Amino acid sequence: MERIGKVWLTGAGPGSSELLTVKAKRLLSEGDCIVYDRLVGKEVISMIPAGKELIDVGKRTGRHTIPQEMINEILVREAKRGKKVIRLKGGDPFLFGRGGEEIEALLREDIPFEVVPGITSPVAVPSYSGIPVTHRDYVSAVHIVTGHQRDGGGKKICYKGLVDAGGTLVFLMGVRTLPDIMEGLLDAGMSPDMPAAILQDGTVAGQRRILATVKTLKKEAEKQGIKAPSVIIVGEVCRLAEDFAWREKLPLFGERIIVTRPNGRGDKLEERLRELGAEVLSVPAIRTEPVTEKGKLEKISRELERLKEYQVLVLTSPYGAERFFQVLTETGRDMRAAAHMKFAVIGQGTKDALAARGIVADFMPERYDGASLGRLLAENLGGEGAGKTKVLIARSSLGGEEILKELRENDSIEYTDLVIYDTVIAEGCSGVLRSCIEEREFTKAVFTSSSTVEGFCRMAGGGSLEGICAVCIGEKTRQAAEMRGMRTVTALNAGVDELVACICNQGKGGGVRKVN
């Protein structure tokens, strides 16, 4: 028998990932197939876990790449294959989102469905631009109108009724028909001096606001090259925009920053950047995974058998700390097997990962890199009459030589370099993110290792990335970025505060073409 799946018509909000509902975020991690449109924000797309099937059905004004009937067929087809289908729609599924048409198609085929409301742009976009759509001192009603009529017909806008009703008017999908909208309002008796605004790319990095009047908005929009998607607001509440504006006052407003750390490893950094006003795209350039190669597994087994011989355990990443204790558990041991050892960590993140297990790090360099950690150990271990100090370095398969070079300077140190997890270079990303990288639609990229630089370059097609502002951690990462022609700035350490300060100090855009 045919196993029927299910479709969730899910609102993705106006663009910012922070305006995604809790349920929508959960569904993105649980769904098998994500069918998304053009108005879904790039930041939201970047949150979709790797391995999900993505189907882009984006439609653009004047160029409908995929007809609505075909979208309906895709939903039915994928559900009939037994999949959890997430129909991800910009804003809310039922506000000019054709959600009703898609449900009708699902009903005809007996496909089960749910509707997940989304934060809608006619309210959210003005809010992000300092315009409340209602205010007791101005208006107590708001009217939401589509400026784009259905092809081949549909009722025309009753401008007279809108003007007579009063209240704030919000027009969606109206950039192309802006002249007709303004002319219709004037012909219906609206004052030419009524405040009006057009808001482009609300809630994301390219957010722009133009304030004018019904008489002058068309001219100002043309002069400043306003493009879709934009929201048109008409009403007295537009007078509040200058005083109520808040987002453009944030220090990183207008920045679109790519973070290349593996999934889950850059969460604190991304949260902090968003708090400061940036749009953040999570584009993992590498991924970490347990060792599977037979030879590496055998070496892990041997070293764990003689773990008591080691006096110092060196961990060079938070994941390395987590993975080491996972390996102990997987082999029938626990943290008591390492209780006799001192612990050395490369930086604050790794120190915190140890602290979460009740372990205090004994060694941590002031500068968070391999060379500094190796130098610290070389200066503090062994010594006259102390005999050899045996050091176990548990780290990634892509670990650099810097720490080993420093340890070799001390003849009293004997070390074993043990690979406990593999770091794999990413091969690709979604089409939306790939185009963002290729077209330089971002202002800065954060790199935490030379391998993240390599992975990012592969995503970009392997070509030169000359001129990109690369925020790097460590000298090796900086050199890798500069070899690709990037303009670099290096954070002293990998801590969130240091990285954020480094990003903020570079100023707006960092010398890279700003997003539109």
Side-chain angles (χ1 to χ4, degrees), residues 14 39 61-62 90-92 94-98 100 119-203 207-248:
L39 293 180
T61 302
D92 179 88
F94 280 170
L95 190 67
F96 309 136
R98 300 191 179 182
I119 294 177
T120 188
S121 61
V123 176
V125 169
S127 296
Y128 265 55
S129 294
I131 301 175
V133 292
T134 64
H135 189 295
R136 286 201 303 173
D137 295 336
Y138 293 88
V139 291
S140 57
V142 58
H143 309 280
I144 302 171
V145 187
T146 175
H148 173 71
Q149 298 300 305
R150 183 168 181 165
D151 294 341
K155 292 184 178 179
K156 293 185 177 180
I157 299 172
C158 180
Y159 291 105
K160 179 64 174 172
L162 292 174
V163 173
D164 290 345
T168 303
L169 304 181
V170 183
F171 295 89
L172 304 184
M173 300 176 286
V175 171
R176 191 172 61 173
T177 57
L178 177 61
D180 296 332
I181 294 171
M182 296 299 105
E183 183 179 342
L185 293 173
L186 291 170
D187 290 345
M190 180 168 280
S191 168
D193 295 326
M194 175 64 75
I198 188 164
L199 315 173
Q200 178 182 317
D201 290 326
T203 80
Q207 178 175 309
R208 300 170 63 193
R209 179 187 66 233
I210 294 177
L211 297 174
T213 65
V214 171
K215 181 180 179 179
T216 62
L217 186 61
K218 170 183 173 293
K219 181 179 179 180
E220 288 299 318
E222 291 176 348
K223 180 181 177 181
Q224 299 195 40
I226 286 291
K227 300 176 182 178
S230 293
V231 175
I232 300 165
I233 311 290
V234 178
E236 295 290 346
V237 289
C238 293
R239 299 184 188 278
L240 300 169
E242 295 291 352
D243 291 333
F244 284 16
W246 58 273
R247 188 168 181 244
E248 57 225 54

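Just so we're clear, the structure is a prediction, and the values are computed from it rather than from any experiment.
- Minimum heavy-atom separation, A197 to I131: CB-CD1, 4.1 Å.
- Shortest non-hydrogen contact noted between P132 and L240 is CG-CD1, 3.7 Å.
- Among all heavy-atom pairs drawn from L185 and Y159, the shortest one is CD2-CD2, 3.7 Å.
- Expressed to the nearest 0.5 Å, how far CD of E183 lies from CG of L178 amounts to 11.5 Å.
- With sequence neighbours excluded, the residues that form a ring pair (Phe, Tyr, Trp, His ring centres under 6.0 Å) with Y128 are W246.
- With sequence neighbours excluded, the residues that form a side-chain contact (heavy atoms from CB on, under 4.5 Å) with V142 are V133, T134, T168, V170.
- Take E220 and apply the salt bridge (Lys or Arg N to Asp or Glu O under 4.0 Å) test, not counting sequence neighbours, and it matches no residue.
- For the salt bridge (Lys or Arg N to Asp or Glu O under 4.0 Å) condition, the pairs that include at least one residue of residues 158-175, sequence neighbours left out, are K160-D164.
- Taking CG from L172 and OG1 from T120, the interatomic distance works out to 6.5 Å, rounded to the nearest 0.5 Å.
- Under the side-chain contact (heavy atoms from CB on, under 4.5 Å) criterion, S129 pairs with L199, Q207, R209, not counting sequence neighbours.
- Of all heavy-atom pairs between S230 and I198, the closest is CB-CG1, 3.9 Å.
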Per-pair distances, 0.1 Å, donor-acceptor, side chain in residues 212-219, under 3.5 Å, sequence neighbours excluded:
from: T213; atom 1: OG1; to: P192; atom 2: O; distance (Å): 3.3
from: T213; atom 1: OG1; to: K215; atom 2: N; distance (Å): 3.4
from: T213; atom 1: OG1; to: T216; atom 2: N; distance (Å): 3.2
from: T213; atom 1: OG1; to: T216; atom 2: OG1; distance (Å): 3.0
from: T216; atom 1: OG1; to: T213; atom 2: N; distance (Å): 3.0
from: K218; atom 1: NZ; to: E222; atom 2: OE2; distance (Å): 3.2

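- D180 pairs by the salt bridge (Lys or Arg N to Asp or Glu O under 4.0 Å) definition with nothing, not counting sequence neighbours.
- Panel note: side chain S121, backbone G91; no donor-acceptor pair is recorded below 3.5 Å.
- Checking each of V234, I232, I233 against L169 for a side-chain contact (heavy atoms from CB on, under 4.5 Å) leaves exactly one that passes, namely V234.
- Among all heavy-atom pairs drawn from A124 and I119, the shortest one is CB-CG2, 3.7 Å.
- Qualifying side-chain contact (heavy atoms from CB on, under 4.5 Å) partners for S127, counting only residues two or more places apart in sequence or in other chains: V123.
- When all heavy atoms of I210 and A221 are compared, the pair lying nearest together is CD1-CA, 4.2 Å.
- Applying the side-chain contact (heavy atoms from CB on, under 4.5 Å) rule to E236 yields the partners Y138, M194, P195, R239; only residues at least two apart in sequence or on another chain are considered.
- For the atom pair L162 CG and F171 CZ, the distance stands at 5.5 Å (nearest 0.5 Å).
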